J.: 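One structure coming up, written as structure tokens, with questions to follow.
This one's a predicted model, so the numbers in the text were calculated from it and none came from an experiment. Along the sequence shown, residues carry numbers from 1.
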Amino acid sequence: MPAVKAVRAQGVIAWSSLFFVLLQSVCSFFVALDGLRVVIGVGALAGITQAGMTWDKVHTDWIRVPMIGFALVGAVLNLAILRRVRYLRSRPSSLWRQRPLTQRKIRLERVQLVLSLVTLALIAIEELMHFHTFHRM
């Protein structure tokens, strides 16, 4: 009986440690995939820009709402990831292992920030214009 409890306890410990490792690695995953953040930012900006360019053809709610939603989620996700990366870099425990950022990396992060903010601004403008034109969101 004690052997069964010991095996069960080891299983619980193994699965819980795997769970906590996965939780810890989520942020590291996003830091490692810098290019993914750029794709999210560009995709969100392209989504909202495309929505404005084809206003007459696809200005139906079943197309417009998901495109706006995708752009909003992409921009907010990108801003959250950038904030988390900056927080992780500024922690005292991570300062000893950091190398100085390259100019390319700094430039890419600034571009991602600007793309996300422009996307949010375009979403706000589109929603205001839509409300002004059609008197509904």
Side-chain angles (χ1 to χ4, degrees):
M1 217 36 127
V4 172
K5 287 185 180 180
V7 169
R8 188 172 296 162
Q10 287 175 345
V12 169
I13 291 171
W15 282 107
S16 64
S17 64
L18 176 66
F19 174 73
F20 285 114
V21 164
L22 288 174
L23 283 177
Q24 281 290 341
S25 65
V26 169
C27 292
S28 301
F29 173 76
F30 284 115
V31 170
L33 293 176
D34 286 335
L36 180 64
R37 292 190 320 230
V38 173
V39 170
I40 290 171
V42 170
L45 181 62
I48 192 65
T49 303
Q50 190 64 27
M53 289 173 48
T54 56
W55 179 272
D56 294 333
K57 296 176 186 171
V58 295
H59 197 268
T60 58
D61 284 342
W62 69 273
I63 294 176
R64 184 184 70 82
V65 172
M67 286 174 50
I68 296 296
F70 170 72
L72 180 66
V73 168
V76 170
L77 179 66
N78 202 19
L79 289 173
I81 291 169
L82 282 172
R83 183 170 182 244
R84 181 67 179 169
V85 167
R86 289 182 179 176
Y87 167 75
L88 289 174
R89 281 189 197 135
S90 67
R91 290 177 46 198
S93 61
S94 67
L95 292 177
W96 67 271
R97 63 177 170 256
Q98 283 191 9
R99 288 173 269 154
L101 294 176
T102 63
Q103 288 298 321
R104 180 180 182 272
K105 190 168 206 139
I106 293 170
R107 188 172 51 253
L108 281 175
E109 286 187 7
R110 286 181 183 160
V111 166
Q112 293 163 14
L113 178 66
V114 168
L115 286 174
S116 295
L117 294 176
V118 167
T119 301
L120 291 175
L122 287 173
I123 289 171
I125 291 168
E126 197 280 332
E127 288 300 315
L128 287 172
M129 295 300 292
H130 189 269
F131 183 74
H132 179 69
T133 305
F134 298 102
H135 305 293
R136 63 182 171 82
M137 290 290 212

J.: With Val73, which residues qualify under side-chain contact (heavy atoms from CB on, under 4.5 Å), at least two apart?
T.: none
J.: When rounded to the nearest 0.5 angstrom, what is the spacing between CG in Leu113 and CG in Leu108?
T.: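 Here the interatomic distance stands at 12.5 Å.
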J.: Output the distance between atom CZ (Arg107) and atom CG (Leu101), rounded to the nearest 0.5 Å.
T.: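 Answer rounded to 0.5 Å: 12.5 Å.
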J.: Kindly work out whether a path of hydrophobic side-chain contacts (I/L/V/M/F/W/Y, heavy atoms less than 4.5 Å apart) joins Phe70 to Met67.
T.: no
J.: How long is the straight-line distance from CD of Gln112 back to CG of Leu82, given to the nearest 0.5 Å?
T.: 5.0 Å
J.: Hey, what do you get for CZ (Arg99) to NZ (Lys105), rounding to the nearest 0.5 Å?
T.: 8.5 Å
J.: Residues in side-chain contact (heavy atoms from CB on, under 4.5 Å) with Ser93, at least two apart?
T.: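 Applying side-chain contact (heavy atoms from CB on, under 4.5 Å) to Ser93 gives Arg91.
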J.: Got Leu79 and Leu120 here, is their nearest side-chain heavy-atom distance under 4.5 Å?
T.: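 Leu79 reaches Leu120 side chain to side chain.
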J.: Return the minimal non-hydrogen interatomic distance between Thr119 and Ala71, and the atom names on each side.
T.: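 Where Thr119 meets Ala71 most closely, the heavy atoms are CG2-O, 3.8 Å.
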J.: Find the distance between CG (Asn78) and CG (Leu117) and round it off to the nearest 0.5 Å.
T.: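 Rounded to the nearest 0.5 Å, the CG-CG separation comes out at 9.5 Å.
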